[in-house]
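Read through the structure below, which is laid out as structure tokens, and then see the notes.
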Amino acid sequence: MHLYLERNHISLGIMPMLSLKDKLNPKQYEAVACPPGPLLIFAGAGSGKTRVLTYRIAFMIKQLGINPGEILAVTFTNKAAQEMRERLLKLLDMEYLPLLVLTFHSFGARILREYYEVISYKKNFSIYDEDESIGIIKGICKDLQIEEGGLKPSAIKHYISRAKDEMIDPVEYAESANLHRQKIIGQIYIEYQKRLRLHNGFDFDDLIYWPVKIFDGHPDILQFYRRHFKHLLIDEYQDTSISQYQMVKHLAGEHKSVTVVGDDDQSIYGWRGADITNILNFERDFPGAKVVKLEQNYRSTQNILSAASALIANNLGRKSKALWTSLGEGQRIKVIECSDAESESLSLVEQLTHLRKSEGLKYSDFAVLYRTNAQSRSLEDGFRTSGIPYIIVGGLRFYERMEIKDILAYLKILVNPDDNISTQRIINVPRRGIGDVSIDYIANYSRERNLNLLTGCYHATEGKVDGIPAPKIKEFTKIIDKLSKLIDSGEPLASLLAKIIELSGYEASLVAEATPQSETRLDNIKELVDGAAEFENRTPDATPEQFLEEVALITDMDRRDPNSDAVTMMTLHGAKGLEFPVVFITGLEEGLFPLIRDGQIAPKDLEEERRLMYVGMTRAQRHLYLTHCRYRRHFNRSFFGKASRFLSEIPENTLDDAYVDLKPISNRPKTKLREGRYEFEAEPKRSFAIGADVYHQKFGYGVILGIEGNGENEIVTISFSSVGRKKLMVKMAGLKPA
DNA sequence: GCCGATTATCTTTTT
DNA sequence: GATAATCGGC
Ligand SMILES: Nc1ncnc2c1ncn2[C@@H]1O[C@H](COP(=O)(O)OP(=O)(O)OP(=O)(O)O)[C@@H](O)[C@H]1O
């Protein structure tokens, strides 16, 4: 084997073996270079699984001479796909790679773009997001007069999604339903699938479900894909669902060149249908599979690794994995107790500021992680007031914003007129005097005649729909007419969107509103046009449908700009696969993390929370901080007091005791004035800004953390490198800017 | 019937 | 602390 490779390298003169062996340890190399066939790389955090996967692709292309077009690489997020592609380009020293690196969902969408006909769908289908899917379910509950029996539409959607993950079709689901609740869901599921088809739309789960169905029923199509993609490589295999697994099985076919990498301890998407048995049963599913275990961690120091390993050892029934590092003991983990969320944020600022200076780190070397998106609000406050650059990734996505979805809805119905969901969305946006009652009339009229809603609108302009004054609806159809002409004449995407914004009256209505909110909305829709222009540049012969598809599947994670120096704030889920020199895991309170609803948590859910903690801890390279608060306002009331059980599962000897139980700083009294109906926070003149570096004669250098009082009574909280936190009167302290 | 404004509700994690 | 159901004025 080695001989063969050596010879190849010499004759081809590319990707010298030396560099490959330089960059991989023997185990990793074994995985990278083993001949195509079923291969499982099963290993703990930071052991280089993703790296091995990437190198294996490069190896296949350069050393084995495999045509890149025959390789299909699947990642968990679009961002991960993009990163892997970039790394491959660099490794192979190429500018263009005809190789597919994408998510299961993107891949499924591509299959459907080719073969929508065999499942009786039409061209230019829409892809519905979670909100739109739930909207359809709400409509069904209303129309069918189904008493949901306390089931919320979002809960119903969840059950339907899980069914699709398990490839259970609506009729099957309804027939096997035993409980009353399941029967109701089955009924809704049947109607939901019907309506999706009627609107020529798919939900996220359909993007896997239908391609698998197509493969099930059409051996010829399956054969085509098998011939095309002879080598499959899948990252984060522990978080694949049953439907995704079936897709892999289908595609693997006889050739069975399937490389999967994963770590059962990092499975954190069970709630979304991920099935850990996929990875645990790989050897059974693919007889003769080679298994490579990687044990050296290249990311974290020993303290961090020991702590994470001890924590995850509390889970039962896992496959234990050895993990070691040569990076040394490193710093101990610091636990910080704070009085409330506000002081938690300030503590982060304090630690970050010191560490940045003492270690010469960049802001982008830091990550702040949390369990729920809602926590980002209080966390960002301290950063904002201290002027520390940060970026929140995840949460509300750009393309999920109301104004963006409104504009895109216009584009969607131009592309897919059957998309009643989008028609309904913008028929009266901006307001043109067509209320809910009128829309209902047109909707009923349309349904009775098997027309889509848009066609119904045209009928209404001819006075065919009772109770609808033609002129108002004509205002709407005229806009659609004009836009249709533009799209038919091949108007470029960005200018088409600009026309939508103008002709729909959307822009005018926002300008007229003239509030701070309408201003940002205006900015956002302009950014949308810019984004479309950028998309056109990147993919010159792209169609509007392709743009809509990209927009439907893109994650907000892409917003992390590698060139800007900012602290990253994101959920623990979002941090999967990433690494940072310094990681703060926040909100470690019993109830919040682990997250517990209605006072109870199932053992398997608790284990998933623990895996999430494990994922979070193992993102850290050199410094790990864990914070928790004594009090936290959850939403309306309710506060936690107890520290998370996870903290007690971390061995004492990996913790820095100097920071255990740090005294909480007192709450800054908020000076709030009421004036009319608006609330202002007083912003008096300050001698120093929060975050400023200062010098004190006795205490030395420090950073301003907080400021209270005014003029003569101005008091600053300063964190000094020498003595820690102090409160001083500005008048007396004789502070100098440092 | 439509619209703007006020009240109630509810908040995990995401492709 | 943002969105959805509800209310009262036009
Ligand atoms: N042989 C090696 N030599 C030097 N650095 C390595 C080696 N293998 C991996 N690394 C580095 O270790 C870090 C972790 O690698 P990678 O992200 O591939 O691990 P992983 O197993 O996918 O991690 P996780 O499962 O925790 O996301 C990366 O910074 C990578 O560059």
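Below, read A as the first sequence line, B as the second, and so on, with proteins coming before strands; counting in each chain starts at 1.
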Please list, for nucleotides 2-4 of chain B, all pairs of protein and nucleotide N/O atoms separated by less than 3.5 Å.
from  : atom 1 : to       : atom 2 : distance (Å)
B:dC2 : OP1    : A:Gly435 : N      : 2.9
B:dC2 : OP1    : A:Ser438 : OG     : 2.5
B:dC2 : OP2    : A:Val437 : N      : 3.4
B:dC3 : OP1    : A:Gly433 : N      : 2.8
B:dC3 : OP2    : A:Asn428 : ND2    : 3.2

Query raised in the report: Between C:dG1, B:dT14, B:dT12, which nucleotide has the shortest distance from any of its atoms to the side chain of A:Leu595?
Result: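 Minimum distance to the A:Leu595 side chain belongs to B:dT12.
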Query - Out of B:dT13, B:dT15, C:dA2, whichever nucleotide has its closest atom nearest the side chain of A:Arg377 - result: C:dA2
Does [X] have any side-chain contact (heavy atoms from CB on, under 4.5 Å) partners at least two apart in sequence or in another chain, and if so, which?
{"X": "A:Val437", "answer": "A:Tyr441"}
{"X": "A:Asp131", "answer": "A:Asp129, A:Lys405"}
{"X": "A:Val551", "answer": "A:Tyr399, A:Leu408, A:Phe547"}
{"X": "A:Asp275", "answer": "A:Ile242, A:Thr277, A:Asn278"}

Rounded to the Å, how far apart are [X] [atom1] and [N] [atom2]?
{"X": "A:Gln517", "N": "B:dA5", "atom1": "CD", "atom2": "P", "result": "12 Å"}
{"X": "A:Gln244", "N": "B:dT15", "atom1": "CD", "atom2": "P", "result": "12 Å"}
{"X": "A:Glu130", "N": "C:dT3", "atom1": "CD", "atom2": "P", "result": "16 Å"}
{"X": "A:Glu132", "N": "B:dT15", "atom1": "CD", "atom2": "P", "result": "16 Å"}
{"X": "A:Arg162", "N": "B:dT15", "atom1": "CZ", "atom2": "P", "result": "14 Å"}
{"X": "A:Glu589", "N": "B:dT12", "atom1": "CD", "atom2": "P", "result": "16 Å"}
{"X": "A:Leu396", "N": "B:dT12", "atom1": "CG", "atom2": "P", "result": "16 Å"}
{"X": "A:Glu236", "N": "B:dT15", "atom1": "CD", "atom2": "P", "result": "12 Å"}

Query raised in the report: Should the pair A:Arg113 and A:Phe125 be classed as cation-pi, given the thresholds of under 6.0 Å to the six-membered ring centre and 45° from the axis?
Result: yes
Query raised in the report: Above 12 or not: heavy atoms from other molecules or residues under 6.0 Å from CZ of A:Arg110?
Result: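 Result for CZ/A:Arg110: open.
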Query raised in the report: Does A:Arg397 have a side-chain nitrogen or oxygen under 4.0 Å from the phosphate oxygens OP1 or OP2 of B:dT14?
Result: no
Query - Short side-chain N/O contact to B:dT13 OP1/OP2 from A:Tyr370, under 4.0 Å - result: no
How would you label the contact of [X] with the nucleic acid (heavy atoms, under 4.0 Å): base, sugar-phosphate, or nothing?
{"X": "A:Asn373", "result": "sugar-phosphate"}
{"X": "A:Tyr441", "result": "sugar-phosphate"}
{"X": "A:Tyr269", "result": "sugar-phosphate"}

**Report entry** Residues which pass salt bridge (Lys or Arg N to Asp or Glu O under 4.0 Å) with A:Glu166, listed by chain and number, not counting sequence neighbours
**Finding:** none
Could you pull out all residues at least two apart from [X] that satisfy side chain to side chain donor-acceptor pair (under 3.5 Å)?
{"X": "A:Lys474", "value": "none"}
{"X": "A:Glu507", "value": "none"}
{"X": "A:Ser422", "value": "A:Asp419"}
{"X": "A:Thr461", "value": "none"}

**Report entry** Candidate pair A:Phe593 and A:His628, rule ring pair (Phe, Tyr, Trp, His ring centres under 6.0 Å), full reasoning
**Finding:** CA-CA 10 Å; A:Phe593 190 27; A:His628 64 105; over 10 Å; no
**Report entry** First of A:Gly467 and A:Arg371 reached from the 5' end of DNA chain B, by closest nucleotide
**Finding:**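 Nearest-nucleotide comparison on DNA chain B picks A:Gly467.
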Query raised in the report: Relative to the 5' end of DNA chain B, which residue comes earlier, A:Ser106 or A:Arg597, by the nucleotide with the nearest heavy atom?
Result: A:Arg597
Query raised in the report: Under a 4.0 Å heavy-atom cut-off, which of residues 270-279 of chain A touch DNA chain B?
Result: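 Those residues are A:Trp271, A:Arg272.
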Query raised in the report: Of the residues in residues 601-612 of chain A, which ones touch DNA chain B at a heavy-atom distance under 4.0 Å?
Result: none
